K.L.:
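Pasting a structure below so you can have a look.
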Amino acid sequence: MSTLRVGIIGTGSRGITCIGRQIAEQSRELDIVITAFCNRTESRMQIALDDVNEAAAKAGNEPFSPRFYTKAQGLIDDPGVDLIVITSPTAAHAEATIPALLSGKKVYLDKPIAHTMEDSIAIRKAEEEAGNPMIMGFTRRYETPWLKLHEIVESGVIGDLKMMLIRAVLPYSFYFQTWHRTRAVSGGALNDKGSHYTDVFNWFAGDARANRVNAFGGRHVFEEEKDAPEFCSVCDRDCPYRAEVAMPDTQDQMKGAVDRSYETETDPLKRKDNCVYKSGADIFDHASIHYQYNNGIVASIFYAVYGPQAEDEETLELVGTKGRIILTRLRGEIDIVTDYGTRSHEVIHCKSDDFESSHFGADKRLVREIAAFARGGDSPVDGKYGLEATRMILAALKSIDEGGETVQMIDFFETV
Ligand SMILES: NC(=O)c1ccc[n+]([C@@H]2O[C@H](COP(=O)([O-])OP(=O)(O)OC[C@H]3O[C@@H](n4cnc5c(N)ncnc54)[C@H](O)[C@@H]3O)[C@@H](O)[C@H]2O)c1
């Protein structure tokens, strides 16, 4: 394969602002071009094209002229597409991913794998049946500090890994404003964000597998109000969660949300400014989740989406038999204590040169990895990991729904 030809299904925030722009910026260097777009809303493809071509022009690269499709199958069958990138809303992953995998073409699927166990299992089965491993977009696996941390833990300096904690107190009220607000489309905000975390746990836990979970959670802040307006655009309240305020120009999310065409939509699930207080959302705004692995490791997620913007909004703490490590994501910093605390305490600053680009440099690396994968390289993270990450989250949601009862994951797995 010479020039790598990419088709993007779901040309929204993730597909364009993160991945499409990075393809445009690295197009010449990686010999990669975008040849097809698919969006169920046709007008969004021209908006997406203007966006990626602006990025290409800034980088001094040639503009793209992709073919437009409103159905995934059209793009999958397009002989001018070698690599299919799937970044549609989570409930639409299976309808595109299964035929894409079975077509034998290379496939990138963003996390989470799907919104239900049924769809997650069906995608994984298609991947196995086709003998066509895909590559998934678990961003932290492509961020320099997290990769460095993984190396450190593998080196054994903190001894045997025993405990893991991800603290995520995030300013992510947008989950109540977009399609994420219903489990029927997202599998819950916890699936959207927490699947990154369960994947990190599994990455660090190696061959071990989580076998039970209990969790508590609910709604503290985004509770339903009887008189809540429909959308921010028809509301003049002085509210910290207005859509335009709640989608700050951060590196992690929604940066310069691709287009504002959602403002003309009438279907609430196509809008990005649903009032956080209106009825219809069935997701949680906080949770405390605890997993036990079959090798004794315990792992917890301490999570809220109504947190303030803060440099320590996401941290990972690992405790081993000889020491502990804390990674602070927004600072790109690893704080490490080894040798039982008797000798060394070190702070490692490991921001890469592209830390200021989207997802702290991960998307840039990800596009390089996707290109290498499409040219025959191995997948660093395939559907097996995607399935496991979502299985752990859906089991935690079940526990929350059941008032904190322990869920045995094997049972959970078999009963869906
Ligand atoms: N890896 C990460 O860090 C990361 C970050 C953000 C989003 N994501 C994932 O990317 C996916 C998309 O999220 P987003 O924030 O870009 O959403 P988005 O709403 O901004 O974009 C989705 C786009 O898909 C289009 N679409 C909807 N249904 C479709 C269908 N059936 N076929 C084709 N196109 C369709 C929409 O019109 C929209 O343009 C989600 O699964 C999300 O979890 C991953």
Side-chain angles (χ1 to χ4, degrees), residues 7-22 36-49 51 68-76 84-97 99-100 108-115 119-120 123 135-143 146 172 174-175 177-181 185-197 199-200 243 247 250-262 264-265 267 269-274 314 329 358-360 362-363 365-367 370 381 386 389-390 393:
I8 302 179
I9 299 176
T11 56
S13 201
R14 177 70 179 152
I16 297 304
T17 321
C18 302
I19 296 176
R21 282 187 193 171
Q22 280 302 333
F37 277 163
C38 168
N39 200 309
R40 67 173 175 183
T41 308
E42 202 158 3
S43 59
R44 291 191 173 157
M45 292 189 269
Q46 187 56 50
I47 295 167
L49 182 57
D51 193 287
F68 289 175
Y69 297 95
T70 51
K71 295 269 184 320
Q73 195 64 52
L75 183 146
I76 294 165
I84 301 164
V85 166
I86 299 164
T87 49
S88 45
T90 307
H93 284 183
E95 71 185 33
T97 310
Y108 166 86
L109 172 63
D110 226 301
K111 52 50 59 181
I113 188 169
H115 63 310
D119 274 21
S120 305
I123 290 173
I135 179 169
M136 290 198 64
F138 287 108
T139 320
R140 284 145 196 78
R141 291 198 187 228
Y142 308 96
E143 287 178 34
W146 297 70
Y172 280 17
F174 76 83
Y175 278 138
Q177 293 166 322
T178 62
W179 51 264
H180 299 89
R181 68 199 315 269
V185 187
S186 63
L190 258 174
N191 187 34
D192 198 82
K193 183 52 73 180
S195 61
H196 279 298
Y197 303 148
D199 178 63
V200 165
M247 291 181 196
T250 68
Q251 283 147 283
D252 193 30
Q253 258 304 331
M254 314 297 276
K255 186 172 181 172
V258 169
D259 68 75
R260 300 189 69 90
S261 61
Y262 66 82
T264 59
E265 300 283 1
D267 175 352
L269 293 182
K270 291 187 177 180
R271 300 276 302 205
K272 293 197 172 184
D273 66 340
N274 289 284
E314 185 176 318
R329 187 183 189 219
S358 61
H359 287 102
F360 312 97
D363 297 329
R365 182 193 293 264
L366 175 63
V367 165
I370 294 175
V381 49
T390 283
I393 291 297

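Here the structure is a predicted model, which means the values were calculated and not measured. Just follow the structure's listing: the first ligand is 1, and inside any ligand the first atom is 1.
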K.L.:
Hey, is P112 one of the residues with a heavy atom under 4.0 angstrom from ligand 1?
P.N.:
yes

K.L.:
Work out which heavy atom in S186 is nearest to a heavy atom in W179; give both atom names and the distance.
P.N.:
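What the structure gives for the nearest pair is CB-CZ3, 3.8 Å.
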
K.L.:
Can you label the angle between the Y175 ring and the Y172 ring as parallel, tilted or perpendicular, going by 30° and 60°?
P.N.:
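The arrangement is perpendicular - the two ring planes meet at more than 60°.
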
K.L.:
Report, in ascending order of atom number, the atoms of ligand 1 lying under 4.0 Å from any heavy atom of T11.
P.N.:
39 (O)

K.L.:
Is it the case that ligand 1 has an N or O less than 3.5 angstrom from some N or O of A92?
P.N.:
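No - when backbone and side-chain N and O of A92 are compared with those of ligand 1, no distance drops under 3.5 Å.
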
K.L.:
Report the member of D110, T70, D192 with the shortest heavy-atom distance to atom 42 (C) of ligand 1.
P.N.:
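It is D192 whose heavy atom sits nearest to atom 42 (C) of ligand 1.
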
K.L.:
With a 4.0 Å cut-off on heavy atoms, does K71 reach ligand 1?
P.N.:
no

K.L.:
Are E314 and R140 close enough, and set up right, to give a salt bridge (Lys or Arg N to Asp or Glu O under 4.0 Å), and what steps lead you there?
P.N.:
CA-CA 12 Å; E314 185 176 318; R140 284 145 196 78; 2.7 Å; yes

K.L.:
What do you reckon, does S13 have a nitrogen or oxygen under 3.5 Å from a nitrogen or oxygen of ligand 1?
P.N.:
yes

K.L.:
Does R14 come within less than 4.0 Å of D363, counting only side-chain N to carboxylate O?
P.N.:
yes

K.L.:
Would you mind running through ligand 1 and noting each atom that sits below 4.0 Å from a heavy atom of K272?
P.N.:
18 (P), 19 (O), 20 (O)

K.L.:
Can you name the atoms of ligand 1, numbered from 1 with element, that are less than 4.0 Å from a heavy atom of H93?
P.N.:
41 (O)

K.L.:
May I ask whether K270 has any heavy atom positioned less than 4.0 angstrom from an atom of ligand 1?
P.N.:
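It does not, in that no heavy atom of K270 comes within the 4.0 Å cut-off of ligand 1.
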
K.L.:
For ligand 1, which is the ligand I care about here, please tell me if W179 has any N or O atom under 3.5 Å from one of the ligand's N or O atoms.
P.N.:
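N/O-N/O distance under 3.5 Å: yes.
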
K.L.:
Can you confirm whether the side chains of T17 and D51 place a donor and an acceptor under 3.5 Å from each other?
P.N.:
no

K.L.:
Between K111 and D199 (salt bridge meaning N to carboxylate O under 4.0 Å), is one present in this structure?
P.N.:
no

K.L.:
Would you say T87's side chain and G10's backbone share a donor-acceptor pair under 3.5 angstrom?
P.N.:
yes

K.L.:
For atom 11 (C) of ligand 1, which of S88, P89, C38 has the closest heavy atom?
P.N.:
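Shortest heavy-atom distance from atom 11 (C) of ligand 1: S88.
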
K.L.:
Using 30° and 60° as the class limits, which term best fits the ring planes of F174 and H180: parallel, tilted or perpendicular?
P.N.:
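Ring orientation of F174 relative to H180: perpendicular.
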
